[in-house]
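Single-structure report; data block below.
Sequence lines set the chain letters: A, B, ... in the order given, protein chains first and strands last, and positions in each chain run from 1.
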There are 2 protein chains.
Amino acid sequence: MSRETAARGRRPKRGRTRQALMDAALDLVAKKAPFSSLSLREVTKRAGVVPTAFYRHFPDMSALGLTLLDESFRTLRQMMREVRQHELPNERMIRGSMETFFTYVRNNRTHFLFVSKELYGGSPTMRQAIRREIRLFVSELAMDMARFPFLTQVSAQDLQMMASLVVNGVVALTQEMLELDEDDEAGQHEMLILAEKQVRLIYFGVAQWRSDSDQPAEPLGLERVPPGVE
Amino acid sequence: MSRETAARGRRPKRGRTRQALMDAALDLVAKKAPFSSLSLREVTKRAGVVPTAFYRHFPDMSALGLTLLDESFRTLRQMMREVRQHELPNERMIRGSMETFFTYVRNNRTHFLFVSKELYGGSPTMRQAIRREIRLFVSELAMDMARFPFLTQVSAQDLQMMASLVVNGVVALTQEMLELDEDDEAGQHEMLILAEKQVRLIYFGVAQWRSDSDQPAEPLGLERVPPGVE
DNA sequence: AATATTTGTGAACAGGTGTTGACTATGAAG
DNA sequence: CTTCATAGTCAACACCTGTTCACAAATATT
């Protein structure tokens, strides 16, 4: 008895509306304004649903945002775990890690666009959540670095500092890559090369580090520069 | 809350309304939402002016935003120039530069808060403008680094890469510092120490770098990989 | 097949939004 | 003093906002 009364009767909208709302929000963020300046009605319209239907799935917009955030990070965390288990700490590791990470970013563009814009522009709750996730990555990377033979004498605090340097760099490059056009192959590859170089550069510095004295192993001539340079 | 909402009785309203609008927007961004989700009426209300008065000074909100951006960077550029001229490339330079820079950030908190939120959350025009400024700082730093005697053989491209690493790191730490409470002396000092360490670490890596081979001066035990790596 | 629960609809509200046009106060220039 | 452009006010508009409520449709449970 499929009666279509006012021509409003639509297809089976089982639990799909919820996902439709999330996708709609993600789309709008990707090609328009940040999430905070996104209206409930806008999202529902794009999802092909009447505004009031929103409340069947989320109490308000900020709840949608947090759900989106969770969705964004859950798969990312899982991927990072796998990378950490498979890779070994050698020269090729850097390239491999960067490659898999940036490929992942590419395949989940809208999610990263969302997170990127919320990192500093979002509500306090959002920002805090994101920064917590980032700090988690830093700690895990620091743990990995602790296993490097030439870093056994570096303090945990300095390891954290080094790891955050790497993660911050990757985050910045990720955001810069998101500014590129979606199918700018050359640009994205260039970004990958750059990322690898930068991380490698940091690792060179790391190898020179002594944390006990808060000083480098060698002065390496930084301060031996003659004052007549200017 | 000592806002002079009673500006109605004040005489000299000459060119002050324009600045009042800018200050109001800056205040709102600092303690509320990002600039994009800021309404014209909200700004005028805070400035103690009727909404229509806005159009006497700016065609629309985005024009206000660009003006704010310009105001934010003009003094910063000037300060950076002075630092670049006074400082010498030695060990103390890093500490000194970081100190003056972070002090400046502290004294211009609202401006940096504004820029920080617009970097990734703002309109395309805004983001582009900000990234252009950042790229400018990178280039200038790269020029400074080119004068380091132990970097004369590094390619211009790699110098750019190194400089962007430093700048990105400082940007990230700046944004992190802005998350701290305004009068959290300890936290801000800690951030300064961290910044100095990170920059110093990068410089150690820099000293190891050889750009002609895209490889480090020494394998330094990261891996005993043969030189024939892609 | 009858019932109950979830999910989507439509109308309506109170209030905020950008922008208009005509009008008025201000202060400088003639 | 008069003239005139600048800068601020007021009322009004058409539109978009979040949220409410009662109702209808679709699905699940009995």
Side-chain angles (χ1 to χ4, degrees), chain A residues 1-25 27-29 31-68 121-123 125-126, chain B residues 3-25 27-29 31-68 121-123 125-126:
Chain A
M1 17 198 99
S2 58
R3 57 250 208 256
E4 302 164 43
T5 41
R8 196 69 59 202
R10 264 314 198 189
R11 309 260 296 118
K13 287 186 178 176
R14 273 272 285 199
R16 308 211 291 203
T17 301
R18 183 186 160 96
Q19 190 61 42
L21 287 170
M22 293 170 65
D23 291 348
D27 273 15
L28 286 172
V29 168
K31 73 181 57 169
K32 254 206 56 176
F35 182 79
S36 49
S37 66
L38 215 64
S39 78
L40 186 149
R41 292 180 110 104
E42 218 174 348
V43 174
T44 55
K45 184 188 295 183
R46 183 161 194 79
V49 167
V50 96
T52 49
F54 183 92
Y55 297 98
R56 300 294 181 191
H57 305 276
F58 305 98
D60 54 21
M61 280 293 285
S62 76
L64 208 200
L66 290 183
T67 306
L68 240 29
S123 71
T125 316
M126 285 257 194
Chain B
R3 203 83 204 143
E4 46 180 13
T5 26
R8 203 91 48 175
R10 295 287 186 194
R11 293 285 123 184
K13 271 191 180 178
R14 256 306 269 172
R16 304 218 297 199
T17 301
R18 182 186 160 96
Q19 191 61 42
L21 287 170
M22 293 171 64
D23 291 348
D27 274 14
L28 286 172
V29 168
K31 72 181 55 166
K32 251 206 57 174
F35 182 78
S36 49
S37 64
L38 214 63
S39 78
L40 185 150
R41 291 180 111 103
E42 216 175 349
V43 174
T44 56
K45 185 187 296 183
R46 181 157 194 80
V49 165
V50 95
T52 50
F54 183 92
Y55 297 98
R56 300 294 180 193
H57 304 277
F58 305 97
D60 53 22
M61 280 293 286
S62 76
L64 209 201
L66 289 182
T67 307
L68 239 29
S123 71
T125 316
M126 285 258 195

N or O in side chain of H57(A) less than 4.0 angstrom from dT6(C) OP1/OP2: no
Interatomic distance, L21(B) CG vs dA7(D) P [rounded to whole Å]: 12 Å
Minimum side-chain heavy-atom gap Y55(A)-L40(A) below 4.5 Å: yes
4.5 Å side-chain heavy-atom contact, R56(B) and T17(B): no
Protein-nucleotide distance (F54(A), atom CZ; dT7(C), atom C1'), rounded to Å: 15 Å
Listed nucleotide nearest any side-chain atom of T52(A), set dT7(C), dG8(D), dT20(D): dT20(D)
Between P of dG18(D) and CG of L64(A), the distance in whole Å: 12 Å
Sub-4.0 Å heavy-atom contacts from residues 38-46 of chain A onto DNA chain D, ordered by number: S39(A), L40(A), R41(A)
Between C1' of dT7(C) and CD of Q19(A), the distance in whole Å: 17 Å
Non-hydrogen atoms of V43(B) and A24(B) that approach each other most closely: O-CB, 3.7 Å
4.5 Å side-chain heavy-atom contact, V50(A) and T44(A): no
R41(B) vs F54(B) side-chain heavy atoms within contact, under 4.5 Å: no
Between dT17(D) (P) and M61(A) (CE): distance, integer Å: 11 Å
Most 5' of R18(B) and R56(A) on DNA chain D, judged by nearest nucleotide: R18(B)
Rounded distance (Å) that lies between atom C1' of dT7(C) and atom CZ of F58(A): 14 Å
Heavy-atom pair of closest approach, residues L38(A) and A25(A): CD2-O, 4.0 Å
Spacing of R16(B) atom CZ relative to dT26(C) atom P, expressed in whole Å: 15 Å
